[in-house]
Amino acid sequence: MCGELRASDAGKKAILMGWVNRRRDLGSIIFIHLRDRTGITQIVFNREVNPEMHAKAETLRNEYVIAAIGRVKLRDADTVNPSIPTGEVELVVDELRILNESKLPPFLPSDTALTNEETRLKYRYIDLRRDAMQFNIETRHKVAKAIRDYLSAQGFFEIETPFMTRSTPEGARDYLVPSRVQPGAFYALPQSPQMFKQILMISGFDKYFQIVRCFRDEDLRADRQPEFTQIDLEMTYPQPESVWEVVEGFLDAAFKAAGYEIQRPFPRMDYDEAIRLYGIDKPDLRLPAFSDVRDCFPAENLQELAINPNLPVIAIRTPKVGELSRKERDDIKPMFHSKGGARVYEDFKRIGNKFPEAAAAIAKKTGAQPDDLIVLVAGSAQAGPQTAMPAHRKVTPAELAIYASAGLLRLALAQKYAERHKLFQRGDFRFLWVTNFPMFEWDESERQWMAAHHPFTSPHEEDMGLLEQGVESVNDPQSTLSAVRALAYDVVLNGTELGSGSIRIHRQDIQSKIFRALGMTEAEAKSRFGFFLEALEYGTPPHGGIALGLDRIVMILAGAESLREVIPFPKTARAVDLMVDAPTPVSETQLRELGIQVKPVKQ
RNA sequence: GGGGACGUAGUUCAGUUGGUUAGAACGCUGCCCUGUCACGGCAGAGGCCGCGGGUUCGAGUCCCGUCGUCCCCGCCA
C-alpha cells in the first residue's frame, strides 16, 4: 500500500491504488503524491520514458482514484524526501489506470488550514480522508480492540442487550420509537443497559461487558453527543476495589495500544474532598487545588470587602499567567458564573495594596510564585442570612455554591491561559477515582430528595442507620438522608468524567427502603421497575459495575477538543446530522401506520 | 429555556470614521517549465458580503429581526 514501500523494495514491481493527494506538473515530468489509509508514495511520469502514460497523467486532478503499476526506484540522494516514510523511493509508472474521477471537492484532505466544521460535517467523507481523522478513527479501533481483548482474557463475556426497550421514567429524556404493531405504544432507546446488565448478573453470567451505543435526548456539549458509546461492565461479588482493578487494567491496555504508559493504581479522593479542593466532582489534577484563605484576613478586612465571614474564601491559583493588562483583568468577570451569591475578586493587586499583610499570607498559603495569577471567590455579605443547611453534610449548600462557582472559574482561567502555564501537555494523564458520593441530592424545585446516581446504587454499609432514620423524610431538607453515602465511584481523567459506577443493591428489603426514602410508594415502584424488582427476588448475587465513555477516552488520547473529532458521523449542537440531513419529517403514510399525528409547530 | 462568539470567492481570512469598481493567500482553469515534494513563472475565471427589514444621499460596515455553526449555564438518574 501507499505508505509501505521502503528502500529495500527498490527494483520490485508494485501496484499502488489510491487518491491523487497532490500533483506537481513540471512539464515533461509529473510527480503525483498518491494517498491511501497507510500514507503517501510519490509516483513519477516521464514524457521521454513513457509519453503515452505521461499524457494520461496530465489529465489527473485532485482526489481522482487511480491504479499505478510500475517499478520501485531508489531516489537519488539529493531528491530524497525526509518528511515522509516512503521518501527514499518512488514508483516509476508503466501503466496508469484512472479508476474514477472526482468533482472538485469543497476542501482538500491535504489542506493545511482547517475548514469550518459545518462544511466538514456536510462533506464528512472528504473530511474523514484527512490524516488527523484517519488517525483518530484508527486510535478508536485500537482502543476498543485492546479493551475487548483485555476483558475477554479476564473472563468477561461480551453480551448484547436490546436497543428497542422500555422507557425508564427517571433520568435523561428517552429517544422513543413508535410501535406499528402496538399503536400508541413506544419503545425507548436505552440510556444505558443498566437493568439488563444487572439481570445478566442475576442470570449467572458473572462477568459481563459490552461496548455499546447509548442514547440520551439532552442538550449537547463538546463532550456530549445524543448517541455515544460506553464500555459497560458488571460483575458479581465485587468490592469497589475489584471493579477499579478491572478498569485500571483495561485502561492500561487501551493506553498502551495508543502508545502511552499510565500510572497505576489511580489515586482516590472522597467526593467531599474533591468539592473542597477543586469545587467540582471531576477534578483536573493537572492544575493546583484551591486554598481556603479566609483566615488570612482579619475580620475587619472581610467586612470592608463585603465578604461573608461564615463561608470559605477561595484562592484560585493559575500558574505562570504573568502580569495582566487592565483589559485582561476586566475579562475575568464575565467568565465568572456566580452561584448562591458568590462573588469574584479578580484584582488581587488591589487587595495587596489595601491589605498587604493579608495578601502576603495568601501568597504564602497558596504557594504562589510572582508570575502566578490569584483570583479570590467568596460569599457576598449582602447575600443575607443563609438558607436552611443540613447539619449532617460536611459541605453545606451555601459552601457548595462558593466552591462550585470557584471550580468553574478555575477551569475557565486554566483554559484561557493554557498557552502560558503549559500544564495541558499531550500525554500527561492524571487519573483519579472519586468515591463516596452522596446517595441523595436535594432538588430545590421539587422540594424533595432525589437519587444522586440511580436508585439501584447501594448505600454505604456504615450509613444504613442514617438511611433508616431518614426513610420517611423525603421532603425535609434537614433529613439525615443528606449524609448517606453511596457505594458509587467515578473515574476521572484530566477533569473529564470518563465513567461512573457503583455497587448495586441486591437485597429487596434495602431496595424498598431506598424507594420509600425517595418518596415512592410500593405501587409506584412496581409500575416503574416491576420486572426488575421481581427479578431481584429470585436469588440475586451481590454485584456491581461501571460504564466508561469510549468516545471521551479516545478524545483525550487523540488530543481532540470535541467528541465530534473521534466519532465518524457525529451530530451538531442541535442534534442534527448535516451529512444525511437527519432528523426529517416523515410521510403521512408512515405516520398513519403508526397512529401518530404531528401538531404544527407554533410560529 | 438563558448567555456569549462567529457568518465576506470553492477554502482560510483582511476589509480603516458609513463613501468610487469588495481584496489577499490557497484552490480552480489555460499556457510555459526534466527532479519537484506546500514546485515555480505568466494569464484568467470566480462574490445574494447567511437571509429579511430598517436608518442614511449612500450599508459588507450602524440598528432590529431571523437562520445556521460553535462555546458555556440550565439539563445530562
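So that the names make sense, note that chain A is the first sequence line, chain B the second, and so on, each numbered from 1. Side-chain atoms are counted along with the backbone in the values below, which use heavy atoms only and exclude waters and symmetry mates.
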For atom C1', what is the distance between G52(B) and C67(B), given to the nearest Å?
10 Å
When we call it a touch if two heavy atoms are under 4.0 Å apart, what does Thr115(A) touch: a base, just sugar-phosphate, or nothing?
sugar-phosphate
Checking base pairs now: Watson-Crick or wobble, both atom distances under 3.5 Å. What partners U69(B)?
A5(B)
Side chain to side chain, Ile546(A) and Val247(A), heavy atoms closer than 4.5 Å:
yes
Residue list, ring pair (Phe, Tyr, Trp, His ring centres under 6.0 Å) with Phe532(A), at least two apart or on another chain
Phe456(A)
Can you tell me the base-pairing partner of C37(B)? Count Watson-Crick or G-U wobble geometry only, both distances below 3.5 Å, and say none if there is no partner.
none
Applying a 3.5 Å limit to both distances, which nucleotide forms a Watson-Crick or G-U wobble pair with U55(B)?
none
Nearest-angstrom distance from the residue atom CG of Asp25(A) to P of C31(B):
10 Å
For the P atoms, the ones on U61(B) and on A9(B), what distance do you get once it is rounded to whole angstrom?
15 Å
Re U11(B): Watson-Crick or G-U wobble partner, both distances kept under 3.5 Å, found to be A25(B)
Which residues satisfy the salt bridge (Lys or Arg N to Asp or Glu O under 4.0 Å) test with Arg213(A), sequence neighbours excluded?
Glu227(A)
Just the atom pairs and distances: protein N or O near nucleotides 4-8 of chain B's N or O, under 3.5 Å.
none

Which base sits across from G60(B) as a Watson-Crick or G-U pair, both distances under 3.5 Å?
none
Please work out if Ala452(A) contacts a base, only the sugar-phosphate, or nothing of the nucleic acid, heavy-atom cut-off 4.0 Å.
sugar-phosphate
Under 3.5 Å donor-acceptor, Glu446(A) side chain and Asp443(A) backbone
no
Stacking between Phe31(A) and U36(B), defined as ring centres under 5.5 angstrom apart with planes under 30°, is that present or not?
yes
Provide the distance between the two P atoms, one in G60(B) and one in G53(B), to the nearest whole Å.
14 Å
For Thr161(A), side chain to side chain donor-acceptor pair (under 3.5 Å) partners two or more places apart
Gln210(A)
Separation of C76(B) atom C1' from Lys282(A) atom NZ, nearest Å, is 10 Å
The complete set of salt bridge (Lys or Arg N to Asp or Glu O under 4.0 Å) pairs with one or both residues in residues 17-37 of chain A, sequence neighbours excluded, reads Arg35(A)-Glu63(A)
Please give, in whole Å, the distance from C76(B) P to Asp281(A) CG?
13 Å
P atom, G46(B) versus G30(B): distance in rounded Å?
16 Å
For His421(A), which residues count as a ring pair (Phe, Tyr, Trp, His ring centres under 6.0 Å) partner, sequence neighbours excluded?
Phe424(A)
What residues, two or more places apart in sequence or in another chain, satisfy side-chain contact (heavy atoms from CB on, under 4.5 Å) together with Ala486(A)?
Met439(A), Thr457(A), Ala488(A)
Sugar-phosphate only, base, or nothing, as touched by Glu118(A) at under 4.0 Å among non-hydrogen atoms
sugar-phosphate
Does Arg24(A) put a side-chain nitrogen or oxygen below 4.0 Å from OP1 or OP2 of U36(B)?
no
Taking atom C1' in both U36(B) and G41(B), what distance in whole Å separates the two?
15 Å
For Thr119(A), give me all partners under side chain to side chain donor-acceptor pair (under 3.5 Å), at least two apart in sequence or on another chain.
Asn116(A)
Would you please name every residue forming a ring pair (Phe, Tyr, Trp, His ring centres under 6.0 Å) with Phe215(A), sequence neighbours left out?
Phe163(A)
Quick one: which protein N/O atoms are closer than 3.5 Å to N/O atoms of nucleotides 70-75 of chain B? Pair and distance per line, please.
unit_1: C70(B); atom_1: OP1; unit_2: Ala573(A); atom_2: N; d: 3.3
unit_1: C70(B); atom_1: OP2; unit_2: Ala573(A); atom_2: N; d: 2.8
unit_1: C70(B); atom_1: O3'; unit_2: Arg564(A); atom_2: NH2; d: 3.0
unit_1: C71(B); atom_1: OP1; unit_2: Arg564(A); atom_2: NH1; d: 3.2
unit_1: C71(B); atom_1: OP1; unit_2: Arg564(A); atom_2: NH2; d: 2.9
unit_1: C72(B); atom_1: OP2; unit_2: Ala222(A); atom_2: N; d: 3.4
unit_1: C73(B); atom_1: OP2; unit_2: Arg221(A); atom_2: NE; d: 3.0
unit_1: G74(B); atom_1: OP1; unit_2: Lys339(A); atom_2: NZ; d: 3.0
unit_1: G74(B); atom_1: N7; unit_2: Arg221(A); atom_2: NH2; d: 2.9
unit_1: G74(B); atom_1: O6; unit_2: Arg221(A); atom_2: NH1; d: 3.0
unit_1: G74(B); atom_1: O6; unit_2: Arg221(A); atom_2: NH2; d: 3.4
unit_1: G74(B); atom_1: N1; unit_2: Asp219(A); atom_2: OD2; d: 2.7
unit_1: G74(B); atom_1: N2; unit_2: Asp219(A); atom_2: OD2; d: 3.3
unit_1: C75(B); atom_1: O2'; unit_2: Glu218(A); atom_2: OE1; d: 2.8
unit_1: C75(B); atom_1: O2; unit_2: Arg224(A); atom_2: NH2; d: 3.1
unit_1: C75(B); atom_1: N3; unit_2: Arg224(A); atom_2: NH1; d: 3.2
unit_1: C75(B); atom_1: N3; unit_2: Arg224(A); atom_2: NH2; d: 2.7
unit_1: C75(B); atom_1: N4; unit_2: Arg221(A); atom_2: NH2; d: 3.3
unit_1: C75(B); atom_1: N4; unit_2: Arg224(A); atom_2: NH1; d: 3.1

Taking N or O atoms only and anything under 3.5 Å, show me the protein contacts with nucleotides 27-29 of chain B, one pair per line.
unit_1: C28(B); atom_1: OP1; unit_2: Asn62(A); atom_2: ND2; d: 2.6
unit_1: U29(B); atom_1: OP1; unit_2: Arg61(A); atom_2: NE; d: 2.7

Report which part of the nucleic acid Ile30(A) touches: base, sugar-phosphate, or nothing (heavy-atom distance under 4.0 Å, all strands).
nothing
Upstream residue (5' side of RNA chain B) when Thr79(A) and His454(A) are each assigned their closest nucleotide
Thr79(A)
With no angle test and no hydrogens, is the base of G35(B) tied to the side chain of Glu90(A) by a donor-acceptor pair under 3.5 Å?
yes
Please say which of His543(A), His506(A), Glu234(A) ends up in a side chain to side chain donor-acceptor pair (under 3.5 Å) with Gln198(A).
His543(A)
Return the nucleotide paired to G46(B): Watson-Crick means purine N1 to pyrimidine N3 with N6-O4 or O6-N4, wobble means G-U with N1-O2 and O6-N3, both under 3.5 Å.
none
Separation of Ile32(A) atom CD1 from G35(B) atom P, in whole Å?
17 Å
Can you measure from CG (Leu536(A)) to CD1 (Ile505(A)) and round to the nearest 0.5 angstrom?
8.5 Å
Taking only the P atom of each, what is the distance from U8(B) to C49(B) in whole angstrom?
11 Å
Asp463(A) side-chain N/O to Arg485(A) backbone N/O, donor-acceptor pair under 3.5 Å
yes
Under 3.5 Å on both distances, the Watson-Crick or G-U partner of U16(B)
none
Rounded distance in Å between the C1' positions of C62(B) and U56(B):
10 Å
Summary of salt bridge (Lys or Arg N to Asp or Glu O under 4.0 Å) pairs that have at least one residue in residues 74-93 of chain A, sequence neighbours excluded
Lys73(A)-Glu90(A), Arg75(A)-Glu90(A)
What does Asn116(A) touch in the nucleic acid at a heavy-atom separation under 4.0 angstrom: a base, only the sugar-phosphate, or nothing?
sugar-phosphate
What integer number of Å spans the C1' atoms of C63(B) and C72(B)?
27 Å
Glu441(A) near the nucleic acid: base, sugar-phosphate alone, or nothing, with a heavy-atom cut-off under 4.0 Å?
nothing
Atom-to-atom span, CD of Gln42(A) to P of C37(B) - whole angstrom
10 Å
